[in-house]
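Working notes for the structure below.
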Amino acid sequence: MKLFKNISVMALFTTFVGMCGSANAQQPADTGKVLTDKQESIIPIAAHAATGNQAFLNQALNNGLDAGLSINEVKEILVQLYAYAGFPRSLNAIGTLENVVSGRKQRGINDAVGNTPAAVNFIPSKFVFGKRVQTKLTGTTNIGAPQKYVPVIDTFLKEHLFADIFGRDNLDYQNREIATISALASMSGTAAQLRAHLNVGRNVGFTEQQLRRMAFLISTKVGWREGNTATDMLNEMFNTASADMIKTENGVAMEKVTFPNQNITVVGNLFLPKNFDRHKQYPAILVGHPAGGVKEQTAGLYAQKLAEQGYVTLAFDASYQGESGGEPRFLEDPAVRTEDYRAATDYLSNHPSINPDRIGVLGICAGGGFAIKAAQTEHRLKAVATVSMVDLGQLRREGLNGVLKPQMQQRLDEVGKQRTREAHGEPIKYVNYVFNSREEIPAGATGMYREGYEYYRTPRGQHPNSQNKYVFTSLDKLMAFTALDHVEMISPRPLLLIIGKEADSRYFSDDAFARAAAPKELFEVPGASHIDMYDRPEYVPQAVKKLDNFFKHYLK
């Protein structure tokens, strides 16, 4: 590659490595927001406070304050939680809040203090007041077996929990229930109480859709098991399934689905072909997105187009990215990214409408490297294809065409220093995938350097879940990763590598093709660059036609 003037090596490093990005998939935006940002931010605060995970709570508190929660509202959430999670967890969480608020103030962030609770006049008595509140919340005057067996606990519940705590007016009943449901879902041994408070949620005015949103966020913010437990209870409560189906283009339907990678919840969009029949079994293709991208972008575009050809397709967000769970957010862990493909294969293999012997994989850019890595030993993937494939490990080590190789040790030194800072409690450091504005692009920038901005940061491919940042210390994992070390192990299953003929990253696909054993094919799209292959209408149909022929032949 001919390097251009006036661009430093480190500028190249901090901008190129994520340009394997998003594309406009022509899919409906997620406009069905049923909880406010403030309400959604309560969920991880309550969950991590209840489980005692102070590191995750620290970030959740920052996010909640950024979302508009006042300091006193957060204090009230943590005070209430002592009734459900105990004094130690509540006190520890309050200590973390104090440190967070102090740290934000030092950084010049002055959060709203908010209202203090007004004095309560318990008429005619605290017990009667509490009983009225309890009846309003639960919809019944009945008391449970434990309260009958030990009556004093019923007194404490009414006088203290439902009078002293719920009587404080700086947090309304709905927000208190969000906190309580989130805390109970996150702890073990509290299933009966969780079920009861999901019913309380209905009594204080939450709709089924809002309660399901809470369960979804518990799944992605806390863990698969916790969220799945809440979802199962809601299925029983409403006697409905949780599928969220929408129609897209050309008769294709899209359903949001979740599945576990260990206890991280992976979120995907499952595309169903026109006239889909649940009683039949279809060939399926899972589609992995580029580094920095999300499922609604180029992965979703290809998934949509392939579903139009008659396949069931699954575009999914990698762990730590997009709607999927995992903390810290925006971590790039190649081992987990590779395992995402296996988890997606688990899901498709157990879907009643999919033939488990007819599953293929398509990976785009860095997603192509991870797809190849997974397929080397994942024999359930019967056919492997990539578009604009990149080995993200080699790219992190060396940069495009080796321009960063001399700085490899220096960059790893910086990673080590940053890990020390974060272990000491300093904030996570993030770096950008691409230039954030046109003004940041150096004079003379060409190819992927300019295309990265034009693609990621403009309406062409921009998506709110693709936030143009990743955890800096991810580099110590990525730089030890190699996607193509055993690409020959894919054989005798077929490998198709699609590249734009003008792509400055094409050498990755050339290398994979040289290493691979038959059957293999390298397919060039004349005139196309690396990023052109994500969404350009003159190039994508050529790739889709080739992919359709490939998968139809090998997923028989």
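The structure displayed is predicted, hence computed values, not measured ones. Residue indices begin at 1 and follow the sequence shown.
For the residue pair S349 and I359, the shortest heavy atom distance occurs at OG-CD1, 3.5 Å. The minimum heavy-atom distance between A383 and L555, with the atom names listed, is CB-CD2, 4.1 Å. Contact record, F472 with R411: CZ-O, 4.5 Å, taken as the closest heavy-atom pair. When every heavy atom of A512 is checked against every heavy atom of I372, the shortest pair comes out as CB-CD1, 4.5 Å. A pairwise comparison of heavy atoms in A183 and L81 identifies CB-CD2, 3.6 Å as the closest pair. D37 and A67 get closest at one heavy-atom pair: O-CB, 3.9 Å.
Without hydrogens or angle criteria, R329 side chain to G322 main chain gives a donor-acceptor distance under 3.5 Å. Judged by distance alone, the side chain of Q309 and the main-chain N or O of L306 form no donor-acceptor pair under 3.5 Å. No donor-acceptor pair closer than 3.5 Å links the side chain of Y534 to the backbone N or O of V540. Between the side chain of Q467 and the main chain of K469, no donor-acceptor pair closer than 3.5 Å is present. In terms of modelled atom types and a separation under 3.5 Å, the side chain of R493 and the main chain of I490 share a donor-acceptor contact. Not a single donor-acceptor pair under 3.5 Å links the side chain of S466 to the backbone N or O of Q462. A donor-acceptor distance shorter than 3.5 angstrom exists from the side chain of Y311 to the backbone of D548, with no hydrogens or angles considered. Side-chain atoms of R89 come within 3.5 Å of backbone atoms of A50 as a donor-acceptor pair (strictly under, hydrogens ignored). A donor-acceptor pair under 3.5 Å is formed between the side chain of D532 and the backbone N or O of S529. At distances below 3.5 Å, at least one donor-acceptor pair connects side-chain atoms of T190 with backbone N or O atoms of L184.
The side chain to side chain contact (heavy atoms under 4.5 Å, CB included) with V252 is formed by just one residue from the set K274, K305, E308, K247; it is E308.
Looking at residues two or more places apart in sequence or on another chain, you find no side chain to side chain donor-acceptor pair (under 3.5 Å) involving D357. Residues satisfying the side-chain contact (heavy atoms from CB on, under 4.5 Å) test with E226, not counting sequence neighbours, are I218, V222, N263. The salt bridge (charged side-chain N to carboxylate O under 4.0 Å, His left out) check on K221 picks up nothing, with sequence neighbours excluded. Under the rule for a side-chain contact (heavy atoms from CB on, under 4.5 Å), the partners of S219 that lie at least two apart in sequence or sit in another chain are W224, T265.
The aromatic ring centroids of F271 and Y302 lie 6.0 Å or more from each other. A centroid separation of 6.0 Å or more is found between the aromatic rings of F370 and H289.
Proximity of F238 to L211: side-chain heavy atoms (C-beta onward) are separated by under 4.5 Å at one or more points. Side-chain contact check for L348 versus L270: some heavy-atom pair is nearer than 4.5 Å. At least one side-chain heavy atom of Q54 sits under 4.5 Å from a side-chain heavy atom of T96. Two residues are said to be in side-chain contact when any heavy atoms from C-beta on lie closer than 4.5 Å; V390 and H530 meet this criterion. You'll find the side chain of E249 stays beyond 4.5 Å of the side chain of M254, heavy atoms only.
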Self-check item: Derivation of the salt bridge (charged side-chain N to carboxylate O under 4.0 Å, His left out) call for K373 and D485
Solution: CA-CA 8 Å; K373 184 70 171 181; D485 47 356; 3.0 Å; yes

Exercise. Show the numbers, then the answer: is there a side chain to side chain donor-acceptor pair (under 3.5 Å) between N62 and D66?
Key: CA-CA 6 Å; N62 276 287; D66 289 342; over 6 Å; no

Practice problem: Begin with the C-alpha distance, continue with both residues' side-chain angles, and end with the deciding distance and a verdict on side chain to side chain contact (heavy atoms under 4.5 Å, CB included) for R457 and F435. | Solution: CA-CA 8 Å; R457 310 307 294 161; F435 297 112; over 6 Å; no

Practice problem: Show the numbers, then the answer: is there a side chain to side chain donor-acceptor pair (under 3.5 Å) between H197 and E177? | Solution: CA-CA 7 Å; H197 277 275; E177 280 309 307; 2.8 Å; yes

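Atom CD of E332 sits about 11.5 Å away from atom OG1 of T473, to the nearest 0.5 Å. Between the CZ atom in R278 and the OG atom in S353 there is a gap of 6.0 Å [rounded to 0.5 Å]. Interatomic distance, CD of Q297 versus CD1 of I364, reported as 10.5 Å (0.5 Å rounding). Distance check: L362 CG to I285 CD1 gives 7.5 Å after rounding to the nearest 0.5 Å. The NE2 atom of H463 lies 15.0 Å from the CG atom of N468; values are rounded to the nearest 0.5 Å. To the nearest 0.5 Å, the span separating CG on L194 from CG on L198 amounts to 4.5 Å.
K256 forms a cation-pi arrangement with F216, by the criterion of a distance under 6.0 Å to the ring centre and an angle within 45° of the ring axis.
Counting heavy atoms of neighbouring residues, nucleotides and ligands inside a 6.0 Å radius, atom CD of E440 exceeds 12 of them. For CZ of R421, the number of neighbouring non-hydrogen atoms (other residues, nucleotides, ligands) closer than 6.0 Å is greater than 12. For N239, the CG atom counts as loosely surrounded, since its 6.0 Å shell holds 12 or fewer non-hydrogen atoms of other residues, nucleotides or ligands.
Judged purely by distance below 3.5 Å, without hydrogens or angles, the side chains of E414 and Q418 never pair a donor atom with an acceptor atom. Looking only at atom types and distance, the side chain of T377 has a donor-acceptor partner in the side chain of R342 under 3.5 Å away.
Applying the ring-ring contact (aromatic ring centres under 6.0 Å, His included) rule to pairs touching residues 41-60 yields H48-F56, sequence neighbours excluded.
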Atom pairs and distances, side-chain donor-acceptor, residues 312-321, under 3.5 Å, sequence neighbours left out:
unit_1: T313; atom_1: OG1; unit_2: A303; atom_2: O; d: 2.8
unit_1: D317; atom_1: OD1; unit_2: K295; atom_2: N; d: 2.7
unit_1: D317; atom_1: OD2; unit_2: K295; atom_2: NZ; d: 2.7
unit_1: D317; atom_1: OD2; unit_2: E323; atom_2: N; d: 2.9
unit_1: S319; atom_1: OG; unit_2: D340; atom_2: OD1; d: 2.7
unit_1: Q321; atom_1: NE2; unit_2: L331; atom_2: O; d: 2.7

